[in-house]
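These notes are about the structure you will find just below.
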Protein chains: 2
Amino acid sequence: MLAVGRCAVKSEHSLYYGAMPRVTAEYLAARRGHILSAAAARFARDGFHRTSMQDVIDEAGLSPGAVYRYFRSKDEIIIAISLEAIGSVERVVQEALREHRSVPDLVVGLPAAITGLDDADDRMRLAVQAWGEVLRNRDLADRMAGELARLESALRDRVEMGRRDGDVAEEVDADAVAHVLLAVVQGFILQRAWNPHLSAEAYGRAARDVVAGQLAR
Amino acid sequence: MLAVGRCAVKSEHSLYYGAMPRVTAEYLAARRGHILSAAAARFARDGFHRTSMQDVIDEAGLSPGAVYRYFRSKDEIIIAISLEAIGSVERVVQEALREHRSVPDLVVGLPAAITGLDDADDRMRLAVQAWGEVLRNRDLADRMAGELARLESALRDRVEMGRRDGDVAEEVDADAVAHVLLAVVQGFILQRAWNPHLSAEAYGRAARDVVAGQLAR
DNA sequence: TAAACAAAAGCGAATGTTCCTTCTTTTTAG
DNA sequence: CTAAAAAGAAGGAACATTCGCTTTTGTTTA
């Protein structure tokens with residue numbers, strides 16, 4: 001959790017004198033982040049719906065009025081946290097796509113990269129919760145659809161690149177394969193959220209072996 | 001939804017006269033199932049926590065007293081439905097394991113077998129919700145761990161069988177590969193819950209191609 | 001420089017609703 | 001006629017959110 005004292009961020013120079021806020025934009029952003037961290041910690045432990053606003057408020061060490069100054073509703077907090085949880089995974093995959101050229105190379109390191117994130121255990125638990133939230137929150141679903149589309153498109157491009165290089169068979173459906181590769185990541189997140197002792201390295205090696213055709217020689 | 005009239009199941013012969021229930025065990029089981037179907041329909045649409053008991057009661061066409069005769073609490077209904085949603089997938093995989101011998105043959109038909117279940121769309125939405133529920137319901141987690149262990153063990157056995165047949169490389173970690181294969185199924189369920197237009201057949205073929213090493217030649 | 005001021009930030013008791021569950025009464029089946 | 005089953009009104013707690021008041025902060029004024 002962030003430790004943001006009320007006076008931690010002093011005001012800079014002001015441009016508008018009449019209607020300026022009393023604190024800087026950085027202070028507001030930091031406090032917002034502080035509330036999100038507190039909420040994430042509770043949500044990861046107890047779930048979105050078994051955590052009351054009072055729990056979040058207590059965890060943040062604030063008052064209801066303060067929290068509701070930064071977020072219009074509990075749902076707004078849930079959406080913000082869900083997007084972050086899902087987005088952090090997307091960034092890891094995109095990063096891996098930049099670093100590795102072949103599909104087996106790609107999948108072998110992904111699980112460890114995900115578990116290497118800050119607060120990875122919390123993040124994965126939040127992601128699993130968020131998946132369910134997406135099913136019934138239209139706003140969240142729309143925003144997540146965008147991230148998902150980018151991810152699938154990037155994976156598909158990689159498969160098609162492999163095809164041009166001759167590593168990937170001509171007749172495979174690049175789009176469907178992208179879904180399968182995504183599933184390998186999603187399944188890992190789910191299983192690891194359930195069992196934090198699941199080895200990311202062993203899973204990564206197994207995924208590489210599967211993709212490398214070691215199951216069908 | 002099941003349509004169980006109040007008098008649909010007549011009493012059979014009674015053995016104990018003094019303290020016998022007024023209706024048969026079949027009637028009780030049918031009514032219990034009816035309530036579960038009603039709850040599942042609502043839960044699939046609105047989620048466990050956005051569905052009130054009154055919603056379930058209305059959907060079942062009963063009264064609070066009637067529903068609470070069959071279930072001690074809302075949580076008990078959630079657990080029953082979660083176990084069924086997760087269990088139905090397990091049965092499909094076990095069935096597929098019985099029918100197909102090679103790993104590629106196994107994965108190609110699994111997605112279509114899952115979408116072929118009764119009320120498949122609802123079942124998958126419920127499964128995704130249940131995954132999140134498992135994270136914070138100890139009782140549910142314990143019971144699901146059992147199912148999961150059986151499934152992983154069956155998949156691992158299949159991989160080891162492949163190894164004896166020479167299809168699978170000696171050095172692969174059968175246990176970790178089982179997790180990856182499970183992920184391919186879980187990821188499909190998630191993606192299909194999000195997008196019911198996802199083609200089970202295309203996904204199955206892509207999964208087969210991936211497992212058959214078509215991405216790394 | 002320091003006192004006063006204005007506006008934002010924060011507080012927290014209170015509100016009104018929602019919801020799960022219970023309990024008494026009524027109905028139904030055997 | 002008896003006992004189970006169902007009904008449904010009502011209890012009682014939990015909860016998200018609001019709103020009037022207080023504190024803090026940055027600026028202006030004496």
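Note on naming: letters A, B, ... go to the chains in the order of the sequence lines (proteins, then strands), and numbering restarts at 1 for each one. Computation of the quantities below employed the complete heavy-atom set of this structure, encompassing side-chain atoms and omitting hydrogens, waters and symmetry-equivalent molecules.
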Note to self: Output the rounded distance in Å from OH (A:Tyr68) to P (D:dC19).
What the structure shows: 13 Å
Notebook entry, point to check: Can you tell me if the side-chain N/O atoms of B:Tyr27 get under 4.0 Å from OP1 or OP2 in D:dA6?
Noted result: yes
Checklist line | Any donor-acceptor N or O pair under 3.5 Å, side chains A:Arg136, B:Gln129 | finding: yes
Checklist line | Out of C:dA9, C:dT21, C:dC11, whichever nucleotide has its closest atom nearest the side chain of B:Ser73 | finding: C:dT21
Next item on the list: Could you tell me how the ring of A:Phe43 sits relative to the ring of A:Phe48: parallel (under 30°), tilted (30 to 60°) or perpendicular (over 60°)?
Entry: perpendicular
Next item on the list: Remember a base hit wins even if backbone is also touched, and classify B:Tyr70 as base, sugar-phosphate or nothing at under 4.0 Å, heavy atoms.
Entry: sugar-phosphate
Item checked: Euclidean distance, atom NE2 of residue B:His34 to atom C1' of D:dA5 [Å, nearest integer] -> 14 Å
Next item on the list: Return the nearest nucleotide to the side chain of A:Pro64; candidates are D:dA16, D:dT18, D:dA6.
Entry: D:dT18
Next item on the list: Calculate the interatomic distance between A:Leu62 atom CG and D:dT24 atom C1'; express it in whole Å.
Entry: 15 Å
Item checked: Salt bridge flag under 4.0 Å for residues B:Asp75 and A:Arg50 -> yes
Note to self: Strictly below 4.0 Å, N to O, side chains only: are B:Arg156 and B:Asp175 in salt-bridge contact?
What the structure shows: yes
Check: Of the candidate nucleotides D:dA5, D:dT18, C:dC11, which contains the atom at the shortest distance from the side chain of A:Ser63?
Finding: C:dC11
Next item on the list: Send over the distance from A:Arg72 CZ to D:dT18 C1', rounded to a whole Å.
Entry: 14 Å
Margin query: Tell me the interatomic distance from A:Ile78, atom CD1, to D:dA16, atom C1', rounded to whole angstroms.
Written below: 11 Å
Item checked: Spacing of B:Ile57 atom CD1 relative to C:dT22 atom C1', expressed in whole Å -> 12 Å
Check: Within this structure, what is the CZ-to-P distance between A:Arg69 and C:dA9, rounded to whole angstrom?
Finding: 6 Å
Notebook entry, point to check: Roughly, in whole Å, what's the span from NZ in B:Lys74 to P in D:dA13?
Noted result: 19 Å
